[in-house]
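Because only heavy atoms are used, hydrogens play no part in the values below, and waters and symmetry mates are left out as well, while side chains stay in.
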Amino acid sequence: MSYCKVTLKPKKEDSLLRFHPWVFSGAIQSIEGKPEEGDLVEVYGSNGRFLGVGHCQIGSIAVRILSFQQIPVDETFWEERIRSAYALRRSLGLAGAEDNNTYRLVHGEGDHLPGLVIDMYSETAVVQAHSVGMHLSRHAIADALKTVMGEDLKNIYYKSEATLPYKADLACEDGYLYGGEVEDIALENGLKFYVDWLKGQKPAFLWISGTTALYWNGMPKAVPC
């Protein structure tokens with residue numbers, strides 16, 4: 001697959017050589033082609049060296065690098081990234097534990113998927129895009145989740161209406177990409193909670209010690225069972 005080419009100014013490739021996943025707009029010397037926001041582009045140094053492939057966007061962060069290798073960002077890519085994140089959570093005892101099924105499966109740059117957050121609540125994945133590129137890739141991400149998690153996954157809820165860049169000209173609505181159950185019971189360290197991802201502000205909840213309710217960043221949308 002051929003991607004538009006972004007070439008950096010001299011001496012502006014050092015951060016990418018250290019595997020920092022952001023390309024700032026001021027570091028760019030030229031762009032070959034006319035990529036739309038969210039398109040995949042390849043980034044090269046002024047000497048012609050390949051540096052990475054990622055999503056382009058409007059703003060000071062012009063490219064979010066998905067891979068520092070010259071590979072296609074395709075079905076295999078998404079499956080490998082999700083599988084790696086899932087394996088890490090299992091090794092940490094967060095996923096697959098008898099007393100816990102609530103955890104952050106993907107945490108943006110930390111899982112080499114900048115602009116993407118996925119939280120697991122029992123058998124439901126709540127997906128949040130913080131970049132246009134991840135928004136455009138939401139169906140590929142959902143397919144990868146289904147492939148990797150198999151029967152452990154019953155629902156995928158997309159909740160990005162409030163998190164996409166405000167400059168992006170998108171008509172985004174929250175909704176199910178897979179499944180469609182309204183309620184689910186999440187288990188965190190042996191405690192059971194009902195979680196309402198339809199009305200909650202963000203895909204995370206906070207237990208307030210000494211109270212009888214959970215809060216989604218100030219909005220009570222989940223209660224203990």
Side-chain angles (χ1 to χ4, degrees), residues 19-22 37-38 40 54-59 61 63-67 73 77-92 94-95 100-149 152-168 170 172-179 184 186-188 193 195-207 214-219 221-222:
F19 304 112
H20 191 289
W22 295 353
E37 184 170 20
L40 289 162
H55 289 138
C56 70
Q57 63 182 56
I58 298 171
I61 302 174
V63 183
R64 293 178 184 265
I65 298 296
L66 297 174
S67 177
V73 179
F77 169 86
W78 294 111
E79 286 184 13
E80 288 181 350
R81 284 288 195 269
I82 297 296
R83 194 178 304 279
S84 176
Y86 189 42
L88 175 60
R89 273 63 181 182
R90 291 186 69 89
S91 71
L92 294 173
L94 298 174
N100 192 86
N101 57 25
T102 301
Y103 57 93
R104 177 151 290 182
L105 174 61
V106 172
H107 198 174
E109 286 82 352
D111 290 294
H112 309 290
L113 290 169
L116 179 65
V117 171
I118 303 176
D119 286 320
M120 291 299 305
Y121 299 102
S122 185
E123 298 175 330
T124 297
V126 180
V127 178
Q128 193 174 76
H130 291 257
S131 72
V132 176
M134 287 301 181
H135 170 71
L136 298 177
S137 303
R138 63 194 183 281
H139 295 294
I141 293 166
D143 288 342
L145 280 167
K146 288 186 284 184
T147 298
V148 171
M149 304 194 73
D152 292 335
L153 182 68
K154 302 300 183 185
N155 306 294
I156 301 174
Y157 189 73
Y158 186 64
K159 194 174 186 66
S160 301
E161 186 175 358
T163 61
L164 288 171
Y166 70 92
K167 294 181 180 179
L170 297 172
C172 175
E173 293 184 0
D174 296 342
Y176 285 96
L177 299 176
Y178 174 63
D184 207 344
L187 185 66
E188 185 177 42
F193 303 102
V195 182
D196 186 351
W197 42 79
L198 296 178
K199 299 178 182 178
Q201 181 179 353
K202 293 185 178 180
F205 61 78
L206 175 65
W207 171 255
L214 287 173
Y215 291 84
W216 293 60
N217 290 343
M219 298 180 64
K221 297 301 179 186

(message) Rounded to the nearest 0.5 Å, what separates atom CG in Leu116 from atom CZ in Arg64?
(response) 11.0 Å

(request) Could you grab the distance from atom OG of Ser67 to atom CZ of Phe19, nearest 0.5 Å is fine? (result) 10.0 Å

(request) Indicate the atoms forming the closest heavy-atom contact of Asn100 with Glu188, along with that distance. (result) OD1-CA, 3.3 Å

(message) Does any part of the side chain of Val127, heavy atoms only, come nearer than 4.5 Å to the side chain of Leu145, both counted from C-beta?
(response) yes

(request) Check whether any side-chain N or O of Thr147 sits under 3.5 Å from a backbone N or O of Asp143 as a donor-acceptor pair, and report yes or no. (result) yes

(request) Might you point out which heavy atoms bring Gly38 and Val132 nearest each other, and give the distance in Å? (result) CA-CG1, 4.0 Å

(message) Over 60° means perpendicular and under 30° means parallel, so tell me whether Tyr176 and Tyr157 are parallel, tilted or perpendicular.
(response) perpendicular

(request) To the nearest 0.5 angstrom, please state how far the CD atom of Gln128 sits from the OH atom of Tyr158. (result) 9.0 Å

(message) Tell me if the NE2 atom of His112 is crowded by more than 12 foreign heavy atoms within 6.0 Å.
(response) no

(message) Working to the nearest 0.5 angstrom, can you tell me the gap between Gln57 CD and Trp22 CH2?
(response) 9.5 Å

(message) How close do Ala186 and Thr102 get, counting heavy atoms only, and between which atoms?
(response) CB-OG1, 3.2 Å

(message) Looking at every heavy atom in both Ile118 and Ala125, which two are closest together, and how far apart are they?
(response) CG2-CB, 4.0 Å

(message) Between Ile141 and Val106, does the side-chain contact (heavy atoms from CB on, under 4.5 Å) criterion hold? Intermediate values first, please.
(response) CA-CA 11 Å; Ile141 293 166; Val106 172; over 6 Å; no

(message) Within this structure, what is the CZ-OG distance for the pair Arg138 and Ser160, rounded to the nearest 0.5 Å?
(response) 8.5 Å

(request) May I ask you to decide if Trp78's main-chain N or O and Arg81's side chain share a donor-acceptor pair within less than 3.5 Å? (result) no

(request) Rounded to the nearest 0.5 Å, what's the gap from CG on Leu94 to CG on Leu105? Could you check? (result) 10.5 Å

(message) For His107, I'd like to know if atom NE2 has over 12 heavy atoms of other residues, nucleotides or ligands within 6.0 Å.
(response) no

(request) Given salt bridge (charged side-chain N to carboxylate O under 4.0 Å, His left out), test Arg89 with Asp111 step by step and report yes or no. (result) CA-CA 11 Å; Arg89 273 63 181 182; Asp111 290 294; 2.7 Å; yes

(message) For Arg83, is there any backbone N or O sitting under 3.5 Å from a side-chain donor or acceptor partner on Glu79?
(response) no

(request) Considering non-hydrogen atoms only, spot the tightest contact between Arg104 and Asp119 and give its length. (result) NE-OD1, 2.7 Å

(request) For the pair Asn155 (side chain) and Gly179 (backbone), establish whether a donor and an acceptor sit closer than 3.5 Å, ignoring hydrogens and angles. (result) no

(message) I need the minimum non-hydrogen distance between Met149 and Tyr103, along with the two atoms involved.
(response) CE-OH, 3.7 Å

(message) Could you check whether any side-chain N or O of Asn101 sits under 3.5 Å from a backbone N or O of Leu187, counting only pairs where one atom can act as donor and the other as acceptor?
(response) yes

(request) Indicate yes or no for a side-chain donor-acceptor contact from Ser131 to the backbone of Met134 under 3.5 Å, with no hydrogens or angles considered. (result) yes

